[in-house]
Amino acid sequence: MAETLDQLFVLAKHALVDSTPAAWRPWVSSILSIAAMIMAFATLFALTTILERKGLGRIQNRLGPNRVGPFGLLQPLADGVKSLTKEDLVPRSADRVLHFLAPLVLVIPVFLALAVVPVGRNMVAVDLDAGILFFFAVGAATELSVFMAGWSSRNKYSVLGAMRAVSQMISYEIPLILSALPVVMITGSLSTVQIVERQAVFTGLLPSWNVLTPWGLAAFLLFLIAGTAEANRCPFDLPEGESEIIAGYYTEYSGFKFALFFLGEYIGLFAMSGLAITLFLGGWSAPLAALAFIPGYVWFFGKLLALIFLFIWVRGTLPRLRMDQLMNFAWKFMLPMSLMTILSAGAWHLMSPTPGVPLSSAEAVTHSAGGTIARWLVCGFLVAAPYILLGRYLTEGRNVGPRTYRYAD
Amino acid sequence: MTSEQGPYLFLTLLGVAALLFALTPLALAWLWARVFSPAKPGLDKNSIYECGLESKGDAWVPFRSEYYLYAIIFLVLDVETLFLMPFAVSFSGLSTGAVLAMLVFLLLLVEGLVWAWGKGVLNWK
């Protein structure tokens, strides 16, 4: 029963595809997957906009949207109608072609990037052998879009935003890719499906998720921070800081083009969170063996919503960085740390009981306790020591301490 | 779910679908504007938005040279990550000697980073 529920969508798709003539099958199969994917993530986008506004509202001690529909749940619909009927203004001096193309260049790659993220057992749109590489390759196109938008507007604020965006995104691109590498090293594959399958086994009570190792935890945090910066989200929202440069690169966008930027940004966030889940949080696998009867896609979307909640929480909590802090953080902290996670993952592999063979759950159980502790200590040391040393070095001579708040009486 | 033609049919169709997903509402908005709210462009309305002030000078200014230094370091490290990908995939089957050789490669690049750091290139001004 649980098996059928888990594979419900796969079975339904196979039944539908098999009922068509053989020549059509690849096309029907592709179109069904695409329709399911776009519908699922577009719905999630609508849901996330309302969740974000309500969540931020609660954090800022107000109610958030609550007028349209029950609990304001139909607000995304109202927003959609509004952006469809708004006038689409393009400034006189703008480069009209680039101005029109920029939102399209954002929306297409983020959907392509989502294609390699497995949302359940056998539920991945395409299982590419170089899935991770494909993800980063198409993901890099968003930088192009942001720069096109800012530059073509020919607005000083937009160009400033575009410059900030380019320097920020290329700076965080390297830590992002480097922090994904340890997982590739341990799994020995760039295929997202195999990465999840390797994590979907249980060692005793605990799952063998990559985040539950010293290198995995460090790489997960680095990936999450770099992902936030790539998605231009708070506290890394310098390219679109409303209070500094009036929404930055999309100052000159109105109507549905603005909505497309909004959509592309959120879908990009889903893709980034989806890849973080795939790499570190075990993809669609359950956290406990006893909970494995719940279908995989429920776990995937549950984890996705949890990460989205984390992003909303961070946005409501942290202030925006300054440009020099942002760049220094990327090059002087994130980059050395992500290199150290690679070393740590290497040590983790070389200290495994059977080097040369990817560690499976059965071997971990038979592995001696002393060896396990030594492995944890060495790999933990390899990430903790540079963290402490770099932290000491970078804050040296600066007046840093806990922030003190003074409230009006 | 991959079909016999490999993933490319799917990826092409997905690209087209995403394009249509973006273009359809744009076309609808254009139709709405044509029928119900024809555009009335104006000198002030279509000027660039700079908080209501008249804009002075051109926005298309050249980048500062510091950007290019970052771009060069980025390029070096980005190509490095590209080289590290195949290494990472075959890592579990490599001998200790090969891993050490890769470490030397990594150290050479780290040396470049340390050099740039020492030169003060990484200080954003």
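Each chain gets a letter, A, B and so on, in the order the sequences are listed, and its residues count up from 1.
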Heavy-atom pair with the smallest gap, counting every atom of A:Glu173 and A:Phe136
OE2-O, 4.2 Å
Check each atom of A:Pro336 against the heavy atoms of chain B and say whether the ones under 4.5 Å are side chain, backbone, both or neither.
side chain
So, the part of A:Ile170 with a heavy atom under 4.5 Å from chain B: the answer is both
Examine whether an atom of A:Met163 lies under 4.5 Å from a heavy atom of chain B, and if so say whether it belongs to the side chain, the backbone or both; otherwise answer neither.
both
Could you look at A:Val110 and say if it's the side chain, the backbone, both or neither that has a heavy atom under 4.5 Å from chain B?
neither
Quick check on the interface: out of B:Leu113, B:Leu75, B:Leu82, B:Val110, who has the most heavy-atom pairs with chain A under 4.5 Å?
B:Leu113
Under 4.5 Å from any heavy atom of chain B - which part of A:Ile38
side chain
Cut-off 4.5 Å, heavy atoms of chain B, and the answer for A:Leu160 is neither
Step through it carefully: locate the ring centre of A:Phe41, locate the ring centre of A:Phe45, and say whether they are under 6.0 Å apart.
no
Quick check: closest heavy atoms across A:Leu190 and B:Met85, and the distance to 0.1 Å?
CD2-SD, 3.5 Å
Look at B:Ala33, B:Pro25, B:Ala116 and state which one has the largest set of heavy-atom pairs under 4.5 Å with chain A.
B:Pro25
CG of B:Leu100 to CG of B:Leu107, rounded to nearest 0.5 Å, is 10.0 Å
Find the one option among A:Thr85, A:Leu260, A:Ile132 whose heavy-atom pairs under 4.5 Å with chain B are most numerous.
A:Thr85
Got a sec: does the CZ of A:Arg96 have more than 12 other heavy atoms crowding it under 6.0 Å?
no
Taking every non-hydrogen pair under 4.5 Å, which of A:Lys156, A:Gln325, A:Arg154, A:Lys86 racks up the most with chain B?
A:Arg154
Which heavy atom of A:Ser158 sits nearest to which heavy atom of A:Gly150, and what is that distance?
CB-O, 3.4 Å
Determine the option with the most heavy-atom pairs under 4.5 angstrom with chain A, choosing from B:Leu23, B:Leu103, B:Leu11.
B:Leu11
So A:Trp331 and B:Tyr70, would you call those rings parallel, tilted or perpendicular, with 30° and 60° as cut-offs?
tilted
Nearest 0.5 Å, what's the CE-CG distance between A:Met323 and A:Leu326?
5.5 Å
Check each atom of A:Ile267 against the heavy atoms of chain B and say whether the ones under 4.5 Å are side chain, backbone, both or neither.
neither
Taking every non-hydrogen pair under 4.5 Å, which of A:Trp151, A:Phe134, A:Phe100 racks up the most with chain B?
A:Trp151
Top of B:Phe36, B:Tyr67, B:Phe74 for chain A proximity - count of heavy-atom pairs under 4.5 angstrom
B:Phe74
One option among A:Leu133, A:Ile34, A:Leu114 has the most heavy-atom pairs under 4.5 Å with chain B, and it is A:Ile34
How are the rings of A:Tyr250 and A:Phe258 set relative to one another: parallel (under 30°), tilted (30 to 60°) or perpendicular (over 60°)?
perpendicular
Contacting moiety of A:Asn155, where chain B heavy atoms sit under 4.5 Å
both
Between B:Trp32 and chain A, with a heavy-atom cut-off of 4.5 Å, which part of the residue counts as in contact: side chain, backbone, both or neither?
side chain
Contact winner vs chain B - A:Val107, A:Leu181, A:Val159, heavy-atom pairs under 4.5 Å
A:Leu181
Region of A:Ser153 that comes under 4.5 Å of a non-hydrogen atom in chain B
backbone
For A:Ile177, is it the side chain, the backbone, both, or neither that has a heavy atom closer than 4.5 Å to a heavy atom of chain B?
side chain
Please find the pair of heavy atoms, one from A:Leu390 and one from A:Lys332, that lie closest to each other, and give the distance.
CD2-O, 3.5 Å
Counting only heavy atoms from other residues, nucleotides and ligands, does the tally under 6.0 Å from CZ of B:Phe105 exceed 12?
yes
Are B:Trp30 and A:Phe256 close enough that their ring centres sit under 6.0 Å apart?
no
